[in-house]
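In what follows, every heavy atom counts, from backbone to side chain, and hydrogens, waters and symmetry copies are set aside. Owing to the predicted nature of the structure, the values given are computational and were not obtained by experimental measurement. Residues: numbered from 1 along the sequence shown. Start at 1 and go down the list; that is how both ligands and their atoms are numbered.
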Amino acid sequence: MKLDQNTIAQLAEYLESAELQNKAVTKITDRYPDMDWDDAYAIQSAIRKRKEARGTKIVGLKMGLTSHAKMKQMGVANPVYGFLTDYGSCADGAEIKTSEMIHPKIEAEIAFVLKQPLQGPGCHIGAVLAATDFVVPAVEVIDSRYENFRFDLKSVIADNTSAARFVTGGCMREVAGLDLKNLGVVMEKNGEIVATAAGAAVLGHPAASVAMLANMLAERGESIPAGAFIMTGGVTEAVAVAAGDSVTVRVQGLGSVSMKFI
Ligand code: 0L1
Ligand code: MG
């Protein structure tokens with residue numbers, strides 16, 4: 001690690017305040033260009049601890065930047081992971097306040113709920129499918145705390161991978177009999193189709209994203225517990241939303257998820 005504990009705590013406060021006050025800030029690598037991957041995840045973990053100390057519950061995990069469309073859009077080459085909060089969870093059909101965010105964007109995702117824990121290294125698609133209770137469609141509302149959504153990978157990891165809100169809905173389905181790779185996804189904004197994709201857009205198979213999460217967590221001595229809710233990453237590029245927009249994401253065989261931005 002290149003940063004001391006004091007600096008990590010200060011950067012956690014800097015980024016969490018930006019989130020809670022909806023104020024965009026400059027990316028932290030401008031000031032700390034030598035910070036490393038361990039520093040980035042340590043800042044994310046310090047933000048998580050700040051929230052937990054105030055009573056926030058961590059209700060899931062997320063992978064981000066798992067599709068080529070997203071990686072190309074953001075100019076980065078590797079997936080990242082973060083955590084989901086209880087206050088970020090929205091019901092199907094929710095009204096989501098844009099006044100609580102800086103510059104929200106939406107991503108259509110396939111979420112997994114596990115019935116068994118997963119431990120890397122060596123976790124693979126087969127282990128994930130065997131450990132999965134059900135999958136469900138979801139939409140992530142991301143909101144980078146960085147000005148103009150401009151960042152590098154270390155800055156975005158520290159910023160809890162832009163996590164803001166997430167909406168689950170549709171139908172829960174067991175994975176047996178589901179062709180997750182060929183699952184069609186259609187994203188509509190204000191009644192118009194704005195993006196389409198198939199499950200394979202996420203690392204070739206959405207379960208590969210969960211396996212990668214288990215393997216990445218293992219590098220830090222962590223694992224995915226039974227019962228975990230995991231968002232696997234946007235299947236398409238992220239789409240900007242503003243107050244007044246209505247969004248519906250339809251996932252083949254899994255129903256739809258809708259929300260309105262106010
Ligand atoms: O969930 C995601 O794929 C987002 C990861 C962070 C990058 C971004 O803000 O677009
Ligand atoms: Mg996402």
Side-chain angles (χ1 to χ4, degrees), residues 15-16 18-19 22-29 37 40-41 43-44 47-48 58-85 88-90 96 98 100-113 135-169 185 187 194-195 197 199-204 206-210 212-213 216-217 228-241 247 249 251 257 259:
L15 289 172
E16 207 210 1
E19 178 210 336
N22 324 314
K23 288 212 178 96
V25 292
T26 53
K27 67 182 194 311
I28 58 175
T29 46
W37 303 106
Y41 277 110
I43 295 164
Q44 184 192 114
I47 292 173
R48 178 175 169 151
I58 305 308
V59 297
L61 296 167
K62 61 164 279 189
M63 285 290 280
L65 302 168
T66 49
S67 71
H68 290 297
K70 272 288 309 193
M71 289 190 224
K72 192 170 159 212
Q73 182 182 34
M74 304 320 297
V76 297
N78 297 102
V80 292
Y81 68 82
F83 62 86
L84 303 170
T85 60
S89 171
C90 304
I96 300 177
T98 53
E100 294 177 352
M101 284 176 271
I102 302 164
H103 38 205
K105 293 184 184 177
I106 48 164
E107 298 182 328
E109 307 206 10
I110 295 163
F112 284 60
V113 175
V135 291
V136 68
V139 173
E140 184 177 24
V141 185
I142 54 169
D143 190 37
S144 173
R145 269 55 71 168
Y146 297 117
E147 289 160 346
N148 304 316
F149 255 93
R150 291 174 72 86
F151 48 69
D152 49 35
L153 222 41
K154 288 173 190 160
S155 295
V156 83
I157 289 166
D159 182 31
N160 190 25
T161 65
S162 310
R165 304 284 184 271
F166 63 98
V167 191
T168 43
V185 180
M187 184 193 276
V194 288
V202 168
L203 297 173
S209 174
V210 181
M212 185 180 275
L213 174 62
M216 288 171 84
L217 286 173
F229 171 80
I230 303 152
M231 300 201 43
T232 54
V235 291
T236 67
E237 72 276 17
V239 173
V241 286
V247 169
V249 168
V251 181
V257 186
M259 71 225 66

Enquirer: For Ser89, give me all partners under side-chain hydrogen bond (donor to acceptor under 3.5 Å, both in side chains), at least two apart in sequence or on another chain.
Expert: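 With sequence neighbours excluded, Ser89 shows a side-chain hydrogen bond (donor to acceptor under 3.5 Å, both in side chains) to no residue whatsoever.
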
Enquirer: Do the side chains of Arg165 and Glu100 get close enough for a salt bridge, i.e. N-O under 4.0 angstrom?
Expert: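 Yes, this pair counts.
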
Enquirer: Return the orientation label for the Phe149 and His103 ring planes: parallel under 30°, perpendicular over 60°, tilted otherwise.
Expert: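 Answer is tilted, since the angle falls between 30° and 60°.
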
Enquirer: Between Phe166 and Thr85, is any pair of side-chain heavy atoms under 4.5 Å apart?
Expert: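 No. Closest side-chain heavy atoms not under 4.5 Å.
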
Enquirer: Are Phe151 and Asp159 side-chain neighbours, meaning at least one heavy-atom pair lies under 4.5 Å?
Expert: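 Of all side-chain heavy-atom pairs linking Asp159 with Phe151, none is under 4.5 Å.
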
Enquirer: Can you find a heavy atom in the side chain of Lys23 that is under 4.5 Å from one in the side chain of Ile102?
Expert: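 No - every pair of side-chain heavy atoms lies 4.5 Å or more apart.
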
Enquirer: Could you pull out the atom name of the N/O/S atom in Glu140 that is nearest the Mg ion (ligand 2)?
Expert: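 Of all N, O or S atoms in Glu140, the Mg ion (ligand 2) lies closest to OE1.
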
Enquirer: Report the atom name of the nearest N/O/S atom of Glu107 relative to the Mg ion (ligand 2).
Expert: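 Of all N, O or S atoms belonging to Glu107, OE1 is the one nearest the Mg ion (ligand 2).
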
Enquirer: At less than 4.0 angstrom from any atom of ligand 1, which residues have a non-hydrogen atom? List them by chain and residue number.
Expert: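 Correct list: Lys62, Gly64, Leu65, Lys70, Met74, Glu107, Glu140, Ile142, Phe149, Phe151, Val156, Thr161, Ser162.
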
Enquirer: Quick one: report the N, O or S atom of Glu109 that is nearest to the Mg ion (ligand 2).
Expert: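 Within Glu109, restricted to N, O or S, the Mg ion (ligand 2) is closest to atom OE2.
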
Enquirer: Do the non-hydrogen side-chain atoms of Leu153 and Trp37 ever get within less than 4.5 Å of each other?
Expert: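 Yes. Closest side-chain heavy atoms under 4.5 Å.
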
